[in-house]
Number of protein chains: 2
Amino acid sequence: MAIPAQKHDVFQAIADPTRRHLLQLLGDQEMPVTVISSHFPMSRTAVSKHLRILAEAGLVKERKVGRETRYRLEAEPLMELKRWLSYYERYWENKLNVLKRFVEQDDDAAELKFTPLEVVDPE
Amino acid sequence: MAIPAQKHDVFQAIADPTRRHLLQLLGDQEMPVTVISSHFPMSRTAVSKHLRILAEAGLVKERKVGRETRYRLEAEPLMELKRWLSYYERYWENKLNVLKRFVEQDDDAAELKFTPLEVVDPE
DNA sequence: ATTATATGAAACCATTTGGTTTCGTGTCAA
DNA sequence: TTGACACGAAACCAAATGGTTTCATATAAT
């Protein structure tokens, strides 16, 4: 029972803007390749390759219907991303906390309105 | 006032495992390049290039201290990722809702324990 | 039976990526 | 002042990436 040796992971899959566009498009409904590719300024074959990369990352599922292959979004693998992100939330939450304390202690904080994150930079 | 023409965005920056490792390492404390690169099985120059890509995406900040350049994590740009992700949360939340309804209506749902997401697939 | 449609596979190509080694320069230490 | 250290820049390279065109095959329609 070897690990599938997944060539493309979720991080790589979403790195490309075309593939992010694909995910958005496929969220609404299942669609065959020709219809999908009509939304992009590149060949059907190129879109097909992007779809394969998304499929390898588990982000889309395909289903054969007659002579067409329909694709649909499979959002579940994005949970890995969410988990990864959650680790870093504490860092920007820290920043907001620092800001909050600063504002609470300083009446003359009006200028913070426009560049709060810069101003509270610990550096 | 042209847009900075940012060559690398956050999605690309985090696509590489080495760069994700760098972010994790720099979360705890500011560190100079030599120290950072001692944690990686590649040349200092290679690590330096990864740091530049992270800097272009705004994910690290650098500070010159004597002859060294120290880097630190800057988590704020990850909020863009969070916003992007939040759009897709409804998709897996939908799945969980479907599962929930299914479980509530069906007493014989024991087998769901191991592959709930597959079983509730709308297909 | 023949033709048209939907798709994937394969070969190919230019550019980007992730790494290397070498060299130059600024800064600290003896 | 003479090394040693920290670093970036540059030149280089192999492999991956994102695209193309062409061809083969399965299914649908006439």
Side-chain angles (χ1 to χ4, degrees), chain A residues 4-26 29-74 123, chain B residues 4-26 29-74 123:
Chain A
Q6 204 181 9
K7 195 181 172 194
H8 292 96
D9 65 17
V10 177
F11 290 93
Q12 285 172 263
I14 66 163
D16 184 273
T18 299
R19 288 195 289 268
R20 292 199 297 278
H21 189 175
L22 277 167
L23 293 182
Q24 190 194 322
L25 189 64
L26 294 175
Q29 54 184 330
E30 185 184 67
M31 278 169 45
V33 178
T34 304
V35 174
I36 296 170
S37 74
S38 72
H39 290 76
F40 295 83
M42 67 186 70
S43 72
R44 171 187 54 79
T45 314
V47 170
S48 218
K49 286 208 236 171
H50 281 301
L51 285 169
R52 178 121 41 91
I53 289 171
L54 289 173
E56 280 174 12
L59 287 167
V60 299
K61 293 298 179 198
E62 42 177 278
R63 180 171 70 109
K64 295 295 281 290
V65 175
R67 59 184 161 182
E68 51 186 35
T69 309
R70 298 186 187 162
Y71 287 85
R72 64 171 203 282
L73 175 67
E74 179 66 43
E123 209 44 58
Chain B
Q6 203 182 13
K7 195 181 169 194
H8 291 96
D9 65 17
V10 177
F11 290 93
Q12 286 172 263
I14 66 163
D16 184 273
T18 299
R19 288 195 289 269
R20 292 198 297 277
H21 189 175
L22 277 168
L23 292 181
Q24 190 193 323
L25 188 64
L26 294 175
Q29 54 184 331
E30 185 183 68
M31 277 169 45
V33 177
T34 305
V35 174
I36 296 171
S37 74
S38 72
H39 290 77
F40 295 83
M42 66 186 70
S43 72
R44 171 187 53 82
T45 315
V47 171
S48 218
K49 286 209 234 169
H50 281 301
L51 286 169
R52 177 124 41 90
I53 290 171
L54 290 172
E56 281 174 10
L59 286 167
V60 298
K61 293 297 179 199
E62 42 178 278
R63 180 171 69 110
K64 297 295 281 291
V65 176
R67 59 183 161 183
E68 51 187 35
T69 308
R70 299 187 187 163
Y71 287 85
R72 65 171 203 282
L73 175 68
E74 180 65 43
E123 208 44 60

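Note that the coordinates shown come from a computational prediction; the quantities given were computed from them, not determined experimentally. So you know, we letter chains A, B, ... as the sequences are listed, proteins then strands, and number each from 1.
Between A:Thr18 and A:Met42, the closest side-chain pair of non-hydrogen atoms falls below 4.5 Å. No side-chain heavy atom of A:Leu26 sits less than 4.5 Å from a side-chain heavy atom of A:Leu54.
Residues B:Ile36 and B:Met31 share a closest heavy-atom pair of CD1-O, 3.3 Å. Scanning all heavy atoms of the two residues, the minimum distance from A:His39 to A:His21 falls at O-CE1, 4.3 Å.
Of the candidate nucleotides D:dA29, C:dT7, C:dG19, C:dT7 has the atom lying nearest to any side-chain atom of A:Glu68. For B:Thr45, the listed nucleotide lying nearest its side chain is C:dT21; candidates were D:dA6, C:dG8, C:dT21. Minimum atom distance to the side chain of A:Thr34 is reached by C:dT7, of the listed D:dC7, D:dT20, C:dT7. Ranking C:dA10, D:dG19, C:dT20 by closeness to the B:Ala46 side chain, first place goes to C:dT20. When each of D:dT17, C:dG8, C:dG19 is scored by its nearest atom to the side-chain atoms of A:Val33, the top-ranked nucleotide is C:dG8.
Taking side-chain N and O atoms only, A:Arg52 has a distance below 4.0 Å to OP1 or OP2 of C:dA9. Contact annotation: A:Arg44 side-chain N/O to D:dT21 OP1/OP2 distance is not under 4.0 Å. Considering only side-chain N and O atoms, A:Ser43 lies nowhere under 4.0 angstrom from the phosphate OP1 or OP2 of D:dG19. Here A:Tyr71 does not reach the OP1 or OP2 of C:dT7: none of its side-chain N or O atoms lies under 4.0 Å away. Within the structure, every side-chain polar atom (N or O) of B:Gln12 is placed at least 4.0 Å from both OP1 and OP2 of C:dT16. Checking the phosphate oxygens (OP1, OP2) of C:dT17, no side-chain nitrogen or oxygen of B:His50 falls inside 4.0 Å.
Residue contacts shown for A:Arg70 are absent, as no nucleic acid heavy atom lies under 4.0 Å away.
Between A:Leu51 atom CG and C:dA6 atom P there is a gap of 16 Å when expressed in whole angstrom units. The CZ-P distance, from A:Phe40 to D:dT20, rounds to 13 Å in whole Å. Between the P atom of D:dC5 and the CD1 atom of B:Ile36 lies a distance of 19 Å, rounded to the nearest Å. Atom pair B:Asp16:CG and C:dT17:P shows a separation of 11 Å (rounding to whole Å applied). Distance CZ (B:Arg63) to P (C:dT27): 16 Å, rounded to an integer number of Å. Between the NZ atom of A:Lys64 and the P atom of D:dT25 there is a distance of 14 Å, given to the nearest Å. Rounded to whole Å, the distance from NZ on B:Lys49 to P on C:dT22 is 15 Å. The CZ-P distance, from A:Phe11 to D:dA16, rounds to 21 Å in whole Å.
A distance of 11.5 Å separates CG in B:Leu59 from CD1 in B:Ile53, rounded to the nearest 0.5 Å.
In this structure, B:Arg19 and A:Thr69 both approach DNA chain C, and ranking their closest nucleotides by distance from the 5' end singles out A:Thr69. Between A:Gly66 and A:Thr18, the residue whose closest nucleotide on DNA chain D is further toward the 5' end is A:Thr18.
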Intermediate values then yes/no, salt bridge (charged side-chain N to carboxylate O under 4.0 Å, His left out), B:Glu74 and B:Lys61: CA-CA 6 Å; B:Glu74 180 65 43; B:Lys61 293 297 179 199; 5.5 Å; no
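You won't find any donor-acceptor pair under 3.5 Å spanning the side chain of A:Arg67 and the base of C:dT7, going by distance alone.
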